[in-house]
Amino acid sequence: MATGGAGPEWIEIIDADASVFGAGSSLPVDGPRRARLRGGSRSVVGLVVLALVSGATVVGMRLQPWHRGPHSLSFPAPGVASAGDGRWVFDTPPGTLVGAGTGTPAPDEPGSYTMSDFTGYVFADADASIGFVRGASSTGRSAMFSTRTYDALVTSGKSGTVQGVPAVIRIQAPSRIDIEFGPIDGQLFDVVAEHLTMQEALRFADAVGLRDGTPTISDDWALAGMQPVVGARDLTRVYSLLSNTGEQSIPQIGLVFGSYRSADGIVTVGSIPFAGSDVPRLLRLLLPGGVERTVHGVTGLAAADAVRISTDPFSSNSVVMWQEDGRLVMVSSSGTIDATVALAETVRAATAAEWGDVVDVAARTPNPLSSVAGG
């Protein structure tokens, strides 16, 4: 099994296309054959003999790559540098501190979870987006899978079978298909496919898995040309920054923020540990139409009208996000992109007194799920 590294790795050759050597055959489109090429000396000799007996025309030809059949791919998490504590404030407070989070919720806090619970991966076309911006709909093809400890399948939806276990299939919108299946080794698998056909979505679901805790795809043809973007855990962290910072917040482990109410609206600085390497690509996936901006000498992405869910589902702010000190950092405001970037440039480490204020406000910041949980 492949370990380490930040990108996908070929970990096993499942088949090879005999047509490379003139046999005129190919794998069926609807699934791979299960004959396995192990790469040992006998297999290599056999292929060389096959090439020779196919005729003298082989001599002088440019040999084609060996990979002509499905591969199993592994997506190990990138190495994680130690992250800073995220105790940042604006040099001049833009208003009254009205909401905060310290990244250390109580174990029984409703809705809190550990980011390490999410294992999986996101794949997309180069120009795809799954939009977190007002009025934006998903564009291009994308698919992600994630796993969590199995509890029970959500029973609403069309029942079926994926990978030999019970599955529930839901068409959430004309372009979106959700597939939930399990248990497999005590895990429940969630698949979200955008702009894929039902056949493509089911083939993707049939190919996803974990090997020793590492996300894998058993058949790279199931990606249908989509490219790996980021681990599901990092995608979840971006959502936490965009969704759980404000005057009320579902506390998340590692999510540190302060939100200020000004005459013009809410201004927030927040951050969360982040291991992803292709930050601009990830942010373009979530913030279509975003523009590159530099904050603290680091290139990030800014967008107007980014939806802020937890504070007010009908409000929107400009946001700028960048990577610094082992964390993904976000500043949002009701101003223009340029005004928000100017605020971001004033972010600095908090003094002990300033951080004490943040801790006090965090203890009083309402969790919107508390009433649901009876708190």
K.L.:
Please determine whether residues Leu97 and Val331 belong to a single hydrophobic cluster, defined as Ile, Leu, Val, Met, Phe, Trp and Tyr linked transitively by side-chain heavy-atom distances below 4.5 Å.
P.N.:
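Yes, Leu97 and Val331 fall within the same hydrophobic cluster.
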
K.L.:
Give a yes or no on whether Asp127 atom CG has more than 12 heavy-atom contacts from other residues, nucleotides or ligands under 6.0 Å away.
P.N.:
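Enclosed.
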
K.L.:
Can you find a side-chain donor-acceptor pair between Asn367 and Gln248 that sits under 3.5 Å?
P.N.:
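Their side chains do not contain a donor-acceptor pair, so the 3.5 Å distance test is not met.
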
K.L.:
Rounded to the nearest 0.5 Å, what's the gap from NE2 on His195 to CZ on Arg141? Could you check?
P.N.:
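Going from NE2 on His195 over to CZ on Arg141, the span is 11.0 Å.
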
K.L.:
What are the two closest non-hydrogen atoms of Pro228 and Phe75, and how far apart are they?
P.N.:
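Reported closest heavy-atom pair: CB-CE2, 3.6 Å.
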
K.L.:
Between Arg87, Gln323, Arg327, which is the residue that forms a side-chain hydrogen bond (donor to acceptor under 3.5 Å, both in side chains) with Ser271?
P.N.:
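Going through the options one by one, the only one that passes is Arg327.
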
K.L.:
Quick one: does Ser334's side chain have a donor or acceptor within less than 3.5 Å of a partner on Asp264's backbone?
P.N.:
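Side chain of Ser334 to backbone of Asp264, a donor-acceptor pair under 3.5 Å: yes, one is there.
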
K.L.:
Could you give me the CA-CA distance, side-chain angles and deciding distance for Val295 and Val341, then say whether side chain to side chain contact (heavy atoms under 4.5 Å, CB included) is met?
P.N.:
CA-CA 7 Å; Val295 180; Val341 170; 4.3 Å; yes

K.L.:
Provide the closest heavy-atom pair for Glu354 versus Ala349 in the form atom of the first, atom of the second, distance.
P.N.:
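Looking at all heavy atoms of both residues, the shortest contact is OE1-O, 4.3 Å.
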
K.L.:
Going from CG on Leu255 to CG on Leu328, what distance comes out if it is rounded to the nearest 0.5 angstrom?
P.N.:
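The distance works out to 10.5 Å.
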
K.L.:
Among side-chain atoms of Ser333 and Thr340, is any donor-acceptor pair under 3.5 angstrom?
P.N.:
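Note: Ser333 and Thr340 side chains meet the donor-acceptor criterion.
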
K.L.:
Using every non-hydrogen atom in the two residues, find where Leu196 and Ala143 come nearest and quote the distance to one decimal.
P.N.:
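Minimum heavy-atom contact is CD2-CB, 4.4 Å.
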
K.L.:
May I ask you to decide whether Arg293 forms a salt bridge with Glu345, counting only side-chain N to carboxylate O separations under 4.0 Å?
P.N.:
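A salt bridge is absent here (no side-chain N lies under 4.0 Å from a carboxylate O).
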
K.L.:
Does the pair Val358 and Phe257 meet the rule for a side chain to side chain contact (heavy atoms under 4.5 Å, CB included), with working shown?
P.N.:
CA-CA 8 Å; Val358 172; Phe257 75 93; over 6 Å; no

K.L.:
Could you check if a side-chain atom of Trp88 sits within less than 4.5 angstrom of a side-chain atom of Val329, using non-hydrogen atoms only?
P.N.:
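Side-chain contact under 4.5 Å: yes.
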
K.L.:
Would you say Tyr150 and Val208 are hydrophobically clustered, going by side-chain heavy atoms of ILVMFWY under 4.5 Å?
P.N.:
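No, Tyr150 does not connect to Val208 through the hydrophobic network.
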
K.L.:
Is there a donor-acceptor contact under 3.5 Å from the side chain of Glu109 to the main chain of Ala106?
P.N.:
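No.
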
K.L.:
Which atoms form the tightest heavy-atom contact between Thr365 and Ser249, and what is the distance?
P.N.:
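Result for this residue pair: CG2-N, 4.0 Å.
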
K.L.:
Could you check whether any side-chain heavy atom of Phe123 comes within less than 4.5 Å of a side-chain heavy atom of Ile217, counting everything from C-beta outward?
P.N.:
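In contact.
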
K.L.:
As a quick check of understanding, evaluate side chain to side chain contact (heavy atoms under 4.5 Å, CB included) for Val256 and Asp85, giving each step before the final call.
P.N.:
CA-CA 8 Å; Val256 180; Asp85 57 25; over 6 Å; no

K.L.:
Check the hydrophobic clustering (I, L, V, M, F, W, Y; side-chain heavy atoms under 4.5 Å; chains of links allowed) and say if Val162 and Val154 are grouped together.
P.N.:
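No, no single cluster joins them.
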
K.L.:
Is the closest side-chain heavy-atom distance between Met330 and Leu242 below 4.5 Å?
P.N.:
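Met330 vs Leu242: side chains touch.
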
K.L.:
Counting heavy atoms not belonging to Asp185, are there more than 12 under 6.0 Å from its CG?
P.N.:
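No, because the 6.0 Å sphere around CG of Asp185 holds 12 heavy atoms or fewer from other groups.
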
K.L.:
Kindly say whether Pro273 contributes a backbone atom to a donor-acceptor pair with the side chain of Arg237 at under 3.5 angstrom?
P.N.:
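Checking the backbone N and O of Pro273 against the side chain of Arg237, a donor-acceptor pair under 3.5 Å is found.
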
K.L.:
Between Glu200 and Arg203, does the side chain to side chain contact (heavy atoms under 4.5 Å, CB included) criterion hold? Intermediate values first, please.
P.N.:
CA-CA 5 Å; Glu200 290 170 333; Arg203 182 169 184 175; 5.7 Å; no

K.L.:
Within the 4.5 Å heavy-atom criterion, are Phe145 and Val122 side-chain neighbours or not?
P.N.:
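No; the side chains remain at least 4.5 Å from each other.
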
K.L.:
Return the OG1 to CZ distance between Thr147 and Phe189, rounded to the nearest 0.5 Å.
P.N.:
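It comes to 5.5 Å.
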
K.L.:
Only distances under 3.5 Å count here; give the side-chain donor-acceptor pairs of residues 165-172 to other protein atoms, sequence neighbours excluded, each with its distance to 0.1 Å.
P.N.:
unit_1 : atom_1 : unit_2 : atom_2 : d
Arg170 : NH1    : Ser156 : O      : 3.4
Gln172 : NE2    : Asp178 : OD2    : 3.1

K.L.:
Between atom CZ of Phe181 and atom OG1 of Thr161, what is the distance when rounded to the nearest 0.5 Å?
P.N.:
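Those atoms lie 11.5 Å apart.
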
K.L.:
Atom CG of Leu282 and atom CG of Leu301: how far apart are they, to the nearest 0.5 Å?
P.N.:
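Those atoms lie 10.0 Å apart.
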
K.L.:
Without hydrogens or angle criteria, can the side chains of Thr139 and Ser129 be said to hold a donor-acceptor pair below 3.5 Å?
P.N.:
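There is such a pair (donor and acceptor under 3.5 Å, judged by atom type) between the side chains of Thr139 and Ser129.
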
K.L.:
Checking the side chain of Ser262 only, and the main-chain atoms of Gly265 only, is there a donor and an acceptor separated by less than 3.5 Å?
P.N.:
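Yes: the side chain of Ser262 pairs with the backbone of Gly265.
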
K.L.:
Side-chain contact, heavy-atom cut-off 4.5 Å: Val347 with Val89?
P.N.:
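No - every pair of side-chain heavy atoms lies 4.5 Å or more apart.
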
K.L.:
Are Leu188 and Leu210 linked, directly or through intermediate hydrophobic residues, by side-chain heavy-atom contacts shorter than 4.5 Å (ILVMFWY only)?
P.N.:
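Looking at the clustering, Leu188 is in a separate group from Leu210.
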
K.L.:
When you compare the side chain of Trp355 with that of Thr102, does any pair of heavy atoms fall below 4.5 Å?
P.N.:
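Of all side-chain heavy-atom pairs linking Trp355 with Thr102, at least one is under 4.5 Å.
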
K.L.:
Check whether any side-chain heavy atom of Val269 lies under 4.5 Å from a side-chain heavy atom of Phe90, and answer yes or no.
P.N.:
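Yes, at least one pair of side-chain atoms sits under 4.5 Å.
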
K.L.:
Provide the closest heavy-atom pair for Tyr260 versus Gly95 in the form atom of the first, atom of the second, distance.
P.N.:
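Scanning both residues, the minimum pair turns out to be CD2-O, 3.5 Å.
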
K.L.:
Is there a continuous path of hydrophobic side-chain contacts, each under 4.5 Å between heavy atoms, that joins Leu153 to Ile177?
P.N.:
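As far as the 4.5 Å side-chain criterion goes, Ile177 and Leu153 are not connected within one cluster.
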
K.L.:
Any luck finding a side-chain donor-acceptor pair between Ser175 and Glu194 under 3.5 Å?
P.N.:
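Present: a donor and an acceptor within the cut-off.
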
K.L.:
Does any N or O in the side chain of Asp219 come within less than 3.5 Å of the main-chain N or O of Trp221, such that one atom is a donor and the other an acceptor?
P.N.:
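Flag set: sc Asp219 to bb Trp221 pair under 3.5 Å.
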
K.L.:
Between Pro105 and Pro251, which heavy-atom pair has the shortest distance, and what is it?
P.N.:
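It is CB-CB, 3.5 Å.
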
K.L.:
Check whether any side-chain heavy atom of Phe204 lies under 4.5 Å from a side-chain heavy atom of Ile179, and answer yes or no.
P.N.:
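Answer no - side chains too far apart.
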
K.L.:
Look only at the side chain of Ser243 and the backbone of Ser240, and say whether a donor-acceptor pair between them is shorter than 3.5 Å.
P.N.:
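The answer is no, because no donor-acceptor pair under 3.5 Å joins these two groups.
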
K.L.:
Working to the nearest 0.5 angstrom, can you tell me the gap between Ile253 CD1 and Ile272 CD1?
P.N.:
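Answer for the CD1-CD1 pair, Ile253 versus Ile272, is 9.5 Å.
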
